[in-house]
Number of protein chains: 2
Amino acid sequence: MSEEWSDTEISTLLNDNGMRATPQRMAICKELLLKKCHRTPNELHEELCQRFPTISPNTVYLTLSQLESSGLIRRFYVDGQAIYDSNTATHDHIYCRVCKLLLDVGTENSIHTPKCTEEWSIEWGTRVWSGVCPKCH
Amino acid sequence: MSEEWSDTEISTLLNDNGMRATPQRMAICKELLLKKCHRTPNELHEELCQRFPTISPNTVYLTLSQLESSGLIRRFYVDGQAIYDSNTATHDHIYCRVCKLLLDVGTENSIHTPKCTEEWSIEWGTRVWSGVCPKCH
DNA sequence: AACTAATTAGTAATAACTCCTAAATAAGAG
DNA sequence: CTCTTATTTAGGAGTTATTACTAATTAGTT
Ligand SMILES: [Mn+2]
Ligand SMILES: [Mn+2]
Ligand SMILES: [Zn+2]
Ligand SMILES: [Zn+2]
């Protein structure tokens, strides 16, 4: 996928995935898809409120859920909190339990799906390594 | 660790980890530690209620949190739900998003902590592979 | 047996998320 | 361009998991 997304490209992407290109969704996609990043629904809602004062949390939840169903973003949980990830490549994470820093890490050692699961259809997975980051110890 | 735990052994284990050996905690430990298993706080509470009718959810939450702090059990999240795991060896999981089946899988391909994180002190991590199990497709 | 800090049950509070509904609107048809 | 309609939205209500608080109880020590 390209690094830069025009409004038309985002609009087309949404339509191709069965979603109407509303201003709210365009804004959510710009926030999430333009950069490979991690966002909680609430973080995203607060960011969008600045330029889009009337957007409701519910709209953010719904749109994130639809984007995930389309495979355009991924969802996982850290400390019980949903994290949406616009990096859809298979990768793992490290998480600092002190300052809550969450980073991507490579998966050189671990990209293979498990051996005993040939009969499962595995769709996605990520590991979260928990610990303490350099700044926090 | 041994396969069979006597009351005295569990009591000692709790005391060694700074916890008093109350009947409630003994019951929780028997339910969780005797077998390598996955439990949500609510599942555990319902099981304990059968033989221990007045135990409160809060006690279960507190005890699980303390057992986790002591490293006797691990916690991770699936679909936003806390799962406590008495298998403390490093391992991954597969999860069926249809029937909610959750199984351990080996980590032959992925036990190494990530290369770019030498300065982090990594304590634990698990991956959850999401998909559909053989019975559900 | 007495003491005391840890633990408990119960209740209240919180946070994240889902459900519901009426009004607004994007996209397609004419 | 206008009309039509199914989708989407905002907002509020409801739900569920979890945490906070508190007064009474109790495990382990002296
Ligand atoms: Mn990521
Ligand atoms: Mn496990
Ligand atoms: Zn940190
Ligand atoms: Zn299944």
Side-chain angles (χ1 to χ4, degrees), chain A residues 7-29 31 38-70 73 75-84 97 100, chain B residues 7-29 31 38-70 73 75-84 97 100:
Chain A
D7 280 14
T8 316
E9 283 172 324
I10 294 178
S11 177
T12 304
L13 183 76
L14 285 170
N15 287 333
D16 287 350
N17 285 279
M19 285 175 271
R20 291 185 176 174
T22 66
Q24 290 89 336
R25 278 194 190 133
M26 299 283 287
I28 290 170
C29 287
E31 219 26 68
H38 304 127
R39 287 285 186 279
T40 67
N42 190 51
E43 283 170 353
L44 205 43
H45 179 249
E46 286 183 0
E47 287 170 6
L48 291 163
C49 274
Q50 294 175 14
R51 290 181 170 259
F52 220 104
T54 64
I55 195 167
S56 78
N58 197 12
T59 299
V60 177
Y61 279 111
L62 271 167
T63 300
L64 289 172
S65 174
Q66 291 167 318
L67 292 173
E68 198 221 353
S69 295
S70 299
I73 59 178
R75 179 181 56 170
F76 59 99
Y77 291 87
V78 177
D79 278 351
Q81 169 68 73
I83 309 281
Y84 284 91
R97 63 173 165 73
K100 316 298 182 195
Chain B
D7 280 14
T8 316
E9 283 172 323
I10 293 179
S11 177
T12 304
L13 182 75
L14 285 170
N15 287 333
D16 287 351
N17 285 279
M19 284 175 271
R20 290 185 177 175
T22 67
Q24 292 88 336
R25 278 196 189 132
M26 299 284 286
I28 290 169
C29 287
E31 218 26 68
H38 303 128
R39 288 285 185 280
T40 66
N42 190 51
E43 282 170 355
L44 205 42
H45 179 250
E46 286 183 359
E47 287 169 7
L48 291 163
C49 274
Q50 294 175 14
R51 290 180 170 261
F52 219 105
T54 64
I55 195 166
S56 78
N58 198 12
T59 299
V60 177
Y61 278 109
L62 270 168
T63 300
L64 288 172
S65 174
Q66 290 166 319
L67 292 173
E68 198 222 353
S69 295
S70 298
I73 59 178
R75 180 181 56 169
F76 60 99
Y77 291 87
V78 177
D79 279 351
Q81 169 67 72
I83 309 281
Y84 283 91
R97 64 174 164 75
K100 316 297 182 196

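Labels below follow one simple rule: chain letters A, B, ... track the order of the sequence lines, proteins then strands, and each chain is numbered from 1.
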Where F52(A) and P23(A) come nearest, the two heavy atoms and their spacing: CZ-CB, 3.7 Å
Sugar-phosphate only, base, or nothing, as touched by P53(B) at under 4.0 Å among non-hydrogen atoms: nothing
Shortest side-chain distance from S56(B), nucleotide among dG28(D), dA26(C), dG10(C): dG10(C)
Qualifying residue, where the test is side chain to side chain contact (heavy atoms under 4.5 Å, CB included) with R25(A) and the options are I10(A), L67(A), L14(A), V60(A): L14(A)
Minimum-distance nucleotide to Y77(A) side chain [options: dC17(C), dA27(D), dA10(D)]: dC17(C)
Interatomic distance where CD1 belongs to I83(B) and C1' belongs to dA17(D) [whole Å]: 12 Å
P41(B) or Q66(A), whichever maps to the more 5' nucleotide of DNA chain D: Q66(A)
S11(A) versus T8(A), side-chain donor and acceptor atoms under 3.5 Å: no
Minimum-distance nucleotide to I55(A) side chain [options: dG28(D), dT18(D), dA10(D)]: dA10(D)
Nearest-Å distance for atom pair CD/P, residues E68(A) and dT18(C): 11 Å
Integer-rounded Å distance: dT7(D) C1' and N17(A) CG: 16 Å
Rounded distance in Å - CG (N42(B)) to P (dT15(D)): 17 Å
Distance-minimising heavy-atom pair for I55(A) and H45(A): O-NE2, 2.9 Å
Donor/acceptor link under 3.5 angstrom from N58(B) side chain onto base of dG10(C): yes
Distance, rounded to the nearest Å, where F52(A) contributes CZ and dA24(C) contributes C1': 13 Å
Nucleotide nearest Q24(B) when distance is taken to its side chain, options dT8(C), dC17(C), dT8(D): dT8(C)
Any T59(A) side-chain N or O less than 4.0 Å from OP1/OP2 of dA10(D): yes
Non-hydrogen side-chain atoms of E47(A) and L44(A) separated by less than 4.5 Å: yes
5′-ward residue of the pair A21(B)/Q81(B) relative to DNA chain D: Q81(B)
Short side-chain N/O contact to dT7(C) OP1/OP2 from R25(B), under 4.0 Å: yes
Any T22(A) side-chain N or O less than 4.0 Å from OP1/OP2 of dT7(D): no
Nearest-angstrom distance from the residue atom CE of M19(B) to C1' of dA5(C): 16 Å
Distance, rounded to the nearest Å, where Y61(B) contributes OH and dA15(C) contributes C1': 13 Å
Touch class at under 4.0 angstrom, heavy-atom based, for N15(A) against every strand present: sugar-phosphate
Separation of atom CG in L14(B) from atom C1' in dA6(C), rounded to whole Å: 13 Å
